[in-house]
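Here is the structure we will look at, set down as C-alpha cells.
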Amino acid sequence: MNFEKISLLIIAGGKSSKLGKDKRFLKLGEVGMLESILQKAVKKNFAEIFLCVEKEILPVQILSWRYDAKILVDKIQNFGPLSGLTNGLKKIKTDWALAVSADMPFFDFDALDEIKILSRVRAVIPQVGGKKQPLAGFYHKAAAKIFQDELNNNQTKILMAVEKITHKFIELAADEKIFFNVKTRADLRLAEGRLKNLSRKVPIISIFAPKSNTDKPIFIEKLIEKFSAEKISVGLIKNDAEKFNFDVEKIFKNSCAKNIAIVNPKGWFMIQKTEQREDYLSIAEKMDSVDLILIESHTQKTEPALSLGEVIFDDKVAAIFKTAPESSEEVLQFDLDDLDSAIKICKFLAFN
C-alpha cells in the first residue's frame, strides 16, 4: 500500500491504568513501544504523523522532534482512544488517516497491504480470525463529526461509533500476533517472552514445577505429541538432578521429541552423543533439525517459562498451568489439563 497520501494517527493516550506504568516507554528490545511504532512509520513515508495523547510531556516531545511528528492533545480527556482518533481526524490535511495503537509491539504496516480504501465508505477496518482491529483501521476525515457526536453522548467505544458511519470490515490473511497489544502485566510477560525467542535461532520454552507431583512429564509428553501432529519437531532437554544412571528410552518412552538431552550436576547426555557439563542454552545450541526446544526443569532456567502447579510471580514466567486457575492481570493462568491453551501460548512465544 502507498501511504504517501495518508496521515498516520498514533493513538498513545498514556494512562496505562491496568499496567500501572506508562507503557509507551516500556522497552521491548532496544526502544520503547511508542518509539518502535515511530521507527516503523517513518519508513512508510506517511503524508504526516500525529501523536494523539491525553497530555503533552517531555518524553513525548522528544519523540515528536526526533521523528518529525506532531503532537495532538485530546480535547476531551478520559474518553479513551475514540477521543484521540476524533481529534486527529479533525486535524489531518489528507482525506484518510490510518489509526494505530502505540501498544502493539509486533505490528507490521505491511500486513495492511491487502486493504483497498473504498471511496463509498468512511471507515475500513481489518479483522483477523473474525476479530476486528479498529486501532489498525483507516478512517475518512468526514467521520470526525459523527465520532464527536458519539463523544458528546458519552459513548467511547470505537466500534460502536463505526456502526454510525458507512464502513467495511476486511478479513486479512495476516497473523493475529501482529495485532497483539499490551494492556496488562500478563500481556507484557507474553510480549517479553516472545521477543526473547525472536532473537534466537531456535525458540526455547522452559517448563518447570517448583513442587513435585505435578505430572510434569505427562504434560510435556502431551505437548510434544500435539506439536508432532502438526509436523512441528521438538527438541527436549530434561533435568535429572539425582543421578546419572538411567534408561533414556524409558524416560519419555512415548515421546515424539526429535532430540532428548538429559542434564544433571555431573554432565549431560544426548542420544548418541556425550559431552562435558554445559548449561541449558549451550546444549540447546547443539540441537539441530528442530523447530522448538522445551527445557524440563525443577526451576526455570531460561525465559520464557511456563509454571506448572504454582503461581510464580517471576518476570520469566509467561503463563501458569494449575488446578483451579484464577483470573489475573498479573499472569495468565490455565487449567493443568488445558493442552489447547498450552499449545496456543507456546506458538505465540515461539513462532512468527
Side-chain angles (χ1 to χ4, degrees), residues 1-13 33-34 36-52 67-70 72 80-151 155-182 348 351-352:
M1 173 177 286
N2 185 354
F3 293 105
E4 292 182 356
K5 295 183 178 180
I6 297 175
S7 300
L8 176 64
L9 304 177
I10 300 179
I11 310 300
M33 284 195 286
L34 177 54
S36 176
I37 287 287
L38 283 164
Q39 287 181 346
K40 298 172 185 176
V42 295
K43 298 177 182 178
K44 296 301 180 182
N45 297 316
F46 284 93
E48 52 189 352
I49 298 176
F50 291 95
L51 299 178
C52 303
Y67 294 96
D68 193 24
K70 305 169 186 176
L72 286 179
L82 183 59
S83 181
L85 173 58
T86 303
N87 193 32
L89 292 176
K90 291 178 180 179
K91 300 295 184 180
I92 60 174
K93 296 178 181 179
T94 58
D95 289 335
W96 284 86
L98 168 63
V100 173
S101 176
D103 63 1
M104 295 192 293
F106 310 111
F107 182 74
D108 185 351
F109 287 98
D110 291 339
L112 306 179
D113 281 346
E114 302 173 49
I115 291 182
K116 305 296 181 184
I117 295 179
L118 308 174
S119 59
R120 67 181 182 273
V121 302
R122 290 294 175 257
V124 181
I125 312 296
Q127 60 183 26
V128 177
K131 185 176 181 180
K132 300 174 178 62
Q133 303 293 340
L135 285 180
F138 295 86
Y139 300 87
H140 193 278
K141 61 183 179 182
K145 183 180 184 305
I146 303 299
F147 289 175
Q148 183 63 58
D149 291 342
E150 291 293 287
L151 290 170
Q155 199 294 105
T156 63
K157 304 296 184 183
I158 294 180
L159 285 176
M160 290 184 66
V162 166
E163 293 295 329
K164 302 295 179 65
I165 60 177
T166 55
H167 61 276
K168 178 75 172 178
F169 296 115
I170 297 182
E171 183 73 26
L172 300 183
D175 192 314
E176 63 180 4
K177 292 188 286 290
I178 290 172
F179 302 101
F180 177 82
N181 57 352
V182 177
F348 179 88
F351 304 125
N352 287 327

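Throughout, residue positions are numbered sequentially from 1 according to the sequence presented.
In this structure, CD1 in Ile146 is found 13.0 Å from NE2 in His140, a value given to the nearest 0.5 Å. Remark: Ile10 CD1 to Asp103 CG distance equals 12.0 Å, nearest 0.5 Å. Taken from CG in Leu8 to OG1 in Thr94, the straight-line distance is 10.0 Å, to the nearest 0.5 Å. Taking CG of Leu89 as the reference point, atom CG of Leu9 lies at 5.5 Å (rounded to 0.5 Å). Distance CD1/Ile115 to CE/Met1: 6.0 Å, rounded to 0.5 Å. A distance of 7.5 Å separates CZ of Phe147 from CD1 of Ile158, quoted to the nearest 0.5 Å.
Closest approach of Pro126 to Leu112, counting heavy atoms only: CG-CD2, 4.2 Å. The minimum heavy-atom distance linking Ala174 with Val128 is given by the pair O-CG1, 3.2 Å. Between Ile11 and Gly84, the shortest heavy-atom contact is CD1-C, 4.1 Å. In terms of heavy atoms, Lys91 sits closest to Asn87 at CG-O, 3.3 Å. In terms of heavy atoms, Ile125 sits closest to Gly137 at CD1-CA, 4.2 Å. Listed here is the closest heavy atom pair of Ile92 and Lys141: CD1-CB, 3.8 Å.
Taking the six-membered ring where the residue is Trp, Phe138 and Phe3 present parallel rings, their angle staying beneath 30° rather than reaching 60°.
By the salt bridge (Lys or Arg N to Asp or Glu O under 4.0 Å) test, Asp113 is found to be paired with no residue, residues two or more places apart in sequence or in another chain being considered. For Phe351, the ring-ring contact (aromatic ring centres under 6.0 Å, His included) criterion is met by no residue, not counting sequence neighbours. Listed by chain and number, the residues in a salt bridge (Lys or Arg N to Asp or Glu O under 4.0 Å) with Lys168 amount to none (sequence neighbours excluded). Residues satisfying the salt bridge (Lys or Arg N to Asp or Glu O under 4.0 Å) criterion with Lys90, sequence neighbours excluded, are absent altogether. Not a single salt bridge (Lys or Arg N to Asp or Glu O under 4.0 Å) links Asp108 to another residue, sequence neighbours left out. In terms of the side-chain contact (heavy atoms from CB on, under 4.5 Å) criterion, Asp68 has no residue partners (sequence neighbours excluded). Every residue two or more places apart in sequence or in another chain that forms a side-chain contact (heavy atoms from CB on, under 4.5 Å) with Thr166 is listed here: Val121, Arg122. Under the side chain to side chain donor-acceptor pair (under 3.5 Å) criterion, Gln155 pairs with Glu150, not counting sequence neighbours.
Looking only at side-chain heavy atoms (C-beta outward), Leu172 and Phe179 come within less than 4.5 Å of each other. Using a 4.5 Å heavy-atom cutoff, the side chains of Leu135 and Asn181 are not in contact. Between Tyr67 and Gln39 there is a side-chain heavy-atom pair separated by less than 4.5 Å. Residues Leu159 and Phe169 form a side-chain contact, since some pair of their non-hydrogen atoms from C-beta on lies under 4.5 Å apart.
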Validation: residues 44-52 side-chain donor-acceptor distances under 3.5 Å, sequence neighbours left out:
{"unit_1": "Lys44", "atom_1": "NZ", "unit_2": "Asp110", "atom_2": "OD1", "d": "2.5"}
{"unit_1": "Glu48", "atom_1": "OE1", "unit_2": "Lys70", "atom_2": "NZ", "d": "3.3"}
{"unit_1": "Glu48", "atom_1": "OE2", "unit_2": "Ser7", "atom_2": "OG", "d": "2.7"}
{"unit_1": "Glu48", "atom_1": "OE2", "unit_2": "Lys93", "atom_2": "N", "d": "2.7"}

Apply side chain to side chain contact (heavy atoms under 4.5 Å, CB included) to residues Phe106 and Ile178 and explain how you reach the verdict. CA-CA 5 Å; Phe106 310 111; Ile178 290 172; 5.6 Å; no
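Counting only residues at least two apart or in different chains, salt bridge (charged side-chain N to carboxylate O under 4.0 Å, His left out) contacts with residues 125-134 are absent. Within the structure, the side-chain hydrogen bond (donor to acceptor under 3.5 Å, both in side chains) test picks out the following pairs touching residues 170-179 (sequence neighbours left out): Gln127-Glu171, Asp175-Lys177.
Around NZ of Lys145, the count of heavy atoms belonging to other residues, nucleotides or ligands within 6.0 Å does not exceed 12.
In this structure, the side chain of Tyr139 does not engage the main chain of Ala144 through any donor-acceptor pair within 3.5 Å.
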